[in-house]
Amino acid sequence: MSSDDIRGTRLEKASQLRELGFNPYAYRWEVTHHAATLQAAYADLAPGEEVETQVSVAGRVMNRRVFGKLAFFTLQDETGTIQLYLDKGKIEAGMADVDADAFAHLKQLSDAGDIFGAKGTIKRTEKGELSVSVSQYAILTKSLQPLPDKWHGLTDVEKRYRQRYVDLIVNPEVRETFRRRALITAAIRRYLSDRNFIEIETPVLQSEAGGADARPFVTYHNTLEMDLYLRIATELHLKRLVVGGFEKVFELGRVFRNEGISTRHNPEFTTIEVYWAYGDYHDMMTLTEELVTYPATEVLDTLKISYQGQDIDLTPPWRRVTMHDAVLEQTGLDFTAFQTLEDAKAAAKAAGIVGAENCASMGHLLNEAFEQKVEATLIQPTFVTDYPVEISPLAKPHRSKPGLVERFELFMVGRETANGFSELTDPVDQRDRLEAQAARKAAGDLEAHSVDQDFIMALEYGMPPTVGMGMGIDRLVMVLTDSASIRDVIAFPLLKPERHEEKPEEKPGEEDK
RNA sequence: GGGUGACUGGCGCAAUGGCAGCGCAUCGGACUCUUAAUCCGUUGGUUCUGGGUUCGAAUCCCAGGUCACCCA
């Protein structure tokens, strides 16, 4: 039977329900209990025993096992599953005033996938399954689409992403991942709130994207007749708030980068940025540890986790190593010893650094060596510190190491997960660095941006010494839920639309830029 | 951007270049303790799309689409 036939049959069942006086798309059901609470409360009920407590449950029928005068349905709600024990005599007695043939109609008009409400008492069947022994039921929502194979489920990854609702219906572990994601972000907000950080929302639509090196999405405001950019970071506005007098601010929200898609990149993703006046990057490393260990402890109840088969120990304090030392360890290259860039390039090339000859500065070369030879080795949580100024346009110069800035990045399972630094507060220095960026943009660098003059103006009013940090929430959730792909922690990841040849899409006023 | 692979009823999967098939679900029937219920019967296909080779294509070739993995 084709899906259209199945749908037609179910539409017919819906219309039969209407003729019987039941709305197949009901308004309300009084729910008194959920599956998990019942399973826990009656864990000790012995097989064959019944309790006269009245309960009312609701959820989706996942499976039907129907006999002549008895039926068993598996009902799934948000918390889990519980069986409905549907006895012909009991139902006909319980629903005599509304439907004399309630049991026959149950068999004829219900399907796996329907949303059900059921009232009754608690019973553990003789075979040991905790059940609601139903006296009254209602089909609250008639499902028109068949569920996937009840044993094999839905495994096609493309269909799982395109029809996430089906994935969620049939794959409990997917629901658990998104439940954990919500608990993790709630824990982070609670932790910061308890320490008097406040969350302030900054604009998504901006006349100039900034705060990171990334290509922005462009959109258009009709009445202002101007291009606007979707934010690529929340940094520059949160710092304005610090100038304005907020000492502890953060924003946990979505940013947008017009770049490639991979198992670790989605065009829209979630970051948290935290700014803390009067602190420096040492303080922020400690706070960053806690922003990972607190949700891990709250949600997983452990700091020893497994990620894709690797054991990860989140117990603080985490290793802190300078970028110079990390590169020295992995490559033997001592970047403090090179006299000229040419010497360094030659040594780097000999050490197998690809593209060394194209690096514009010692700092870029050091970073290249780090990315190629060190990053992937940083499995356990590690803070890499003291970055070259050339790749850190918003960070404050290191108080004792010329050419470096007071910056750290957090690595876990070989991936950058957070980035923080003592913020550059000198408006003159900041203007110089942003103008250098703007020159790169003028030279054709699509990831560089113009000078945000208002941001410079804010700094000229004076920003207190401040440390800031940004962390990728999706990557953190991946680690804490043992998810291999970012698409497994984003409910609706971006996918290309499927193109159907028979439906030529009409494209009125198509405007390609 | 490059490479490799996948795509067949609603779902999960078969099919040496030779009649497109199986399980679940559906539909009809039997059944008061099932757990992927069981038993009997039944319907459902533009094999991702478009071309080509061939007497004959799910299968081989070319182009395109979507997804996955690896690389940049």
Side-chain angles (χ1 to χ4, degrees), chain A residues 1-13 16 35 39 46-50 61-76 80-93 103-104 106-114 123-134 143-167 169-171 215 259-266 308 353-355 358 368 371-372 375-376 446 484-488 493-505:
Chain A
M1 178 165 287
S2 75
S3 63
D4 277 353
D5 292 339
I6 291 173
R7 183 168 177 278
T9 303
R10 293 197 176 190
L11 279 171
E12 177 57 30
K13 290 176 179 177
Q16 287 181 41
Q39 297 284 4
E49 281 193 39
E50 300 194 38
V61 174
M62 298 303 290
N63 200 354
R64 303 162 78 238
R65 294 175 291 279
V66 180
F67 296 75
K69 296 173 182 170
L70 181 68
F72 302 92
F73 286 10
T74 302
L75 190 78
Q76 172 175 281
T81 63
I82 188 160
Q83 181 169 265
L84 301 183
Y85 177 93
L86 299 144
D87 177 283
K88 182 171 189 281
K90 182 164 180 173
I91 285 173
E92 287 179 352
F103 188 78
L106 173 80
K107 289 206 289 183
Q108 287 164 11
L109 303 179
S110 75
D111 288 287
D114 291 348
K123 164 194 177 92
R124 189 174 292 281
T125 63
E126 288 164 23
K127 295 290 168 61
E129 189 71 33
L130 188 69
S131 309
V132 174
S133 178
V134 177
S143 169
L144 302 183
Q145 298 291 337
L147 291 177
D149 187 293
K150 63 187 170 191
W151 186 243
H152 299 97
L154 183 69
T155 59
D156 183 301
V157 286
E158 184 175 354
K159 214 151 271 173
R160 286 185 46 225
Y161 295 145
R162 286 194 193 279
Q163 294 188 280
R164 179 71 89 182
Y165 40 91
V166 181
D167 190 27
I169 289 169
V170 299
N171 293 320
R215 292 186 66 173
E259 295 169 350
I261 296 176
S262 77
T263 49
R264 288 176 295 281
H265 300 86
N266 195 62
Q308 305 293 299
I353 312 299
V354 180
N358 298 327
E368 201 61 42
E371 288 185 355
Q372 288 183 33
E375 265 195 37
L446 296 168
S485 167
I486 196 168
R487 288 180 155 175
D488 294 327
L494 185 71
L495 296 174
K496 287 193 200 175
E498 289 175 297
R499 281 213 291 191
H500 298 287
E501 305 287 333
E502 66 274 17
K503 289 179 188 169
E505 290 168 38

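Any value given below was found using the heavy atoms of this structure, including those in side chains, with hydrogens, waters and symmetry copies removed. So you know, we letter chains A, B, ... as the sequences are listed, proteins then strands, and number each from 1.
The distance from the CG atom of A:D156 to the OH atom of A:Y161 is 10.5 Å, given to the nearest 0.5 Å.
Rounding to whole angstrom units, CD of residue A:E375 and P of B:rA72 are separated by 12 Å. Look at NZ on A:K107: it is 7 Å from P on B:rA30, rounded to the nearest Å. The CD atom of A:E371 sits 12 Å away from the P atom of B:rA72 (whole-angstrom rounding). For the pair A:M62 CE and B:rG10 C1', the computed distance is 15 Å after rounding to whole Å.
Of the side-chain N and O atoms in A:K159, one or more sit less than 4.0 angstrom from OP1 or OP2 of B:rC11. For B:rA25, one of the phosphate oxygens OP1 or OP2 lies less than 4.0 angstrom from a side-chain nitrogen or oxygen of A:K150.
The environment of CZ in A:R7 is sparse: at most 12 heavy-atom neighbours from other residues, nucleotides or ligands sit within 6.0 Å. By the neighbour-count criterion of 12 heavy atoms within 6.0 Å, atom CZ of A:R215 is sparsely surrounded, having that number or fewer from other residues, nucleotides or ligands.
One donor-acceptor pair, N or O on each side, does fall under 3.5 Å between the base of B:rC33 and the side chain of A:Y85.
Considering only side-chain atoms of A:D156, the nucleotide from B:rG12, B:rU35, B:rC24 that sits closest is B:rG12.
A:R160 approaches A:D488 most closely through the heavy-atom pair NH2-OD1, 4.1 Å.
The residue A:K496 sits close only to the backbone: its heavy atoms come under 4.0 Å of sugar-phosphate atoms, none of a base. If you check every strand for non-hydrogen atoms under 4.0 Å, A:K123 touches a base.
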